[in-house]
There are 2 protein chains.
Amino acid sequence: MPTRYKGSAREVRALDTFVKLTRATETLGTQLQRHLASLEITPPQLAVLEALLHVGPMSQSELGRKLLRSNPNMTALLDNLERNKWIQRERSPEDRRVVVVSLTPEGRRVIERVFPAHAAHVTALLGGLSAEEQETLGTLCKKLGLSLSEG
Amino acid sequence: MPTRYKGSAREVRALDTFVKLTRATETLGTQLQRHLASLEITPPQLAVLEALLHVGPMSQSELGRKLLRSNPNMTALLDNLERNKWIQRERSPEDRRVVVVSLTPEGRRVIERVFPAHAAHVTALLGGLSAEEQETLGTLCKKLGLSLSEG
DNA sequence: TATTGTTATACTCTATAACTATA
DNA sequence: TATAGTTATAGAGTATAACAATA
């Protein structure tokens with residue numbers, strides 16, 4: 001705990017909030033990751049499949065921007081997903097530099113099968129908070145997230 | 001966003017909260033990690049140094065339990081920290097299987113120097129939320145964290 | 001036998017720099 | 001020249017299995 005840190009009240013408050021936020025999210029993430037590992041899927045891979053499912057096909061650099069990943073990183077991630085035959089790459093006919101990434105039928109099946117199990121697990125893990133508390137938490141996180149991407 | 005997911009109201013709410021929580025924390029983490037990288041320290045390394053600073057010397061398996069890391073992982077992490085001369089290992093005289101890990105004077109200097117910069121950065125990034133909002137967020141995350149470690 | 005930690009091994013993720021192909 | 005993506009290279013983190021030393 002950062003209680004020994006001799007900063008201003010603003011700093012102490014921000015650090016305290018930060019520590020609680022990251023510890024809760026990490027604990028949540030660790031428990032979910034164990035579950036995902038049993039399904040042979042990593043969190044970055046889940047993020048890619050989710051984005052493709054919810055947003056639709058998009059170029060590799062669009063994906064990278066959305067998921068905050070570098071281009072070489074996206075190449076490596078997509079190589080692994082392509083090896084599993086969960087995504088496919090196609091050159092755009094309009095601009096042949098662009099690679100359009102989309103789910104394969106099998107990838108769609110995987111994400112559509114994994115997602116409900118993931119959802120049930122998330123619901124169970126968040127069960128320690130009431131509906132109102134979850135909504136307040138979500139609202140504050142959204143506000144924080146927006147302020148971070150603007151800033 | 002998981003809005004296309006046809007689950008119960010509880011599931012939709014939990015997923016929505018989860019997505020907002022993890023996106024905000026990830027964005028925060030990514031921005032902080034860039035800063036830490038410029039200080040040549042990784043987030044798991046920071047976590048180890050922080051634990052040793054705030055809790056004091058402890059055995060390798062205690063550290064692993066606190067930080068949710070496996071034993072071989074702790075060995076590798078501590079190898080890297082020891083190479084930087086930031087931590088030291090000593091066999092416990094009482095139980096010679098046990099390795100007690102502590103900060104070196106240099107390690108203490110590093111974490112005590114890094115922490116204020118880290119604190120300032122965190123304070124700036126959380127500036128999008130008011131004091132009251134930060135406190136509410138912290139309270140909810142603490143409650144969530146506690147329910148996760150009990151469960 | 002059980003516990004603490006290390007070694008061996010392998011894989012994913014990540015980053016930077018240099019490169020190719022296309023615009 | 002600028003952009004999209006790949007390749008080369010390297011390093012950090014993580015996990016499982018097999019092992020040594022100690023209790």
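Naming: A, B, ... by sequence-line order, numbering from 1 per chain. The basis for the numbers below is simple: all heavy atoms, side chains too, and nothing from hydrogens, waters or symmetry mates.
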Item to check | Reference residue B:Thr17; test side-chain contact (heavy atoms from CB on, under 4.5 Å); the match among A:Glu135, A:Lys142, A:Gln134, A:Glu133 | outcome: A:Gln134
In whole Å, I'd like the distance from the [atom1] atom of [X] to the [atom2] atom of [N].
X: A:Asn71; N: C:dT14; atom1: CG; atom2: P; answer: 14 Å
X: A:Gln60; N: D:dT7; atom1: CD; atom2: P; answer: 10 Å
X: A:Arg65; N: D:dT3; atom1: CZ; atom2: P; answer: 11 Å
X: A:Met58; N: D:dA4; atom1: CE; atom2: P; answer: 15 Å
X: A:Glu40; N: C:dT12; atom1: CD; atom2: P; answer: 10 Å

Checklist entry - Would you find a donor on one side and an acceptor on the other, under 3.5 Å apart, between the side chain of B:His121 and the backbone of B:Ala117? => result no
Item to check | Polar side-chain atom of B:Ser147 near backbone of B:Leu144 as donor-acceptor pair, under 3.5 Å | outcome: yes
Next on the checklist: If you take any heavy atom closer than 4.0 Å to DNA chain D, which residues from residues 78-102 of chain B end up in contact?
Outcome noted: B:Asn80, B:Arg83, B:Glu94, B:Asp95, B:Arg96, B:Arg97
Checklist entry - If you link I, L, V, M, F, W and Y whenever their side-chain heavy atoms are under 4.5 Å apart, who else ends up in the same group as A:Val100? => result A:Val98
Next on the checklist: Show every salt bridge (Lys or Arg N to Asp or Glu O under 4.0 Å) that has at least one partner inside residues 62-81 of chain A, sequence neighbours left out.
Outcome noted: A:Asp79-A:Arg89
Checklist entry - B:Thr75 near the nucleic acid: base, sugar-phosphate alone, or nothing, with a heavy-atom cut-off under 4.0 Å? => result base
Next on the checklist: Base, sugar-phosphate or nothing for B:Thr42? Non-hydrogen atoms, less than 4.0 Å.
Outcome noted: sugar-phosphate
Checklist entry - Got more than 12 heavy atoms from elsewhere within 6.0 Å of CZ, B:Arg10? => result no
Next on the checklist: Which residues pass the side chain to side chain donor-acceptor pair (under 3.5 Å) test with B:Thr75, not counting sequence neighbours?
Outcome noted: B:Gln60
Distances for protein N or O near nucleotides 14-16 of chain D N or O, under 3.5 Å:
| unit_1 | atom_1 | unit_2 | atom_2 | d |
| --- | --- | --- | --- | --- |
| D:dT14 | OP1 | B:Arg69 | NE | 3.4 |
| D:dT14 | OP1 | B:Arg69 | NH2 | 3.4 |
| D:dT14 | OP2 | B:Arg69 | NE | 3.0 |
| D:dT14 | OP2 | B:Asn73 | OD1 | 2.9 |
| D:dT14 | O5' | B:Asn73 | OD1 | 3.3 |
| D:dA15 | OP2 | B:Ser70 | OG | 3.4 |

Item to check | Set of residues satisfying side-chain contact (heavy atoms from CB on, under 4.5 Å) with respect to B:Arg97, sequence neighbours excluded | outcome: B:Asp95
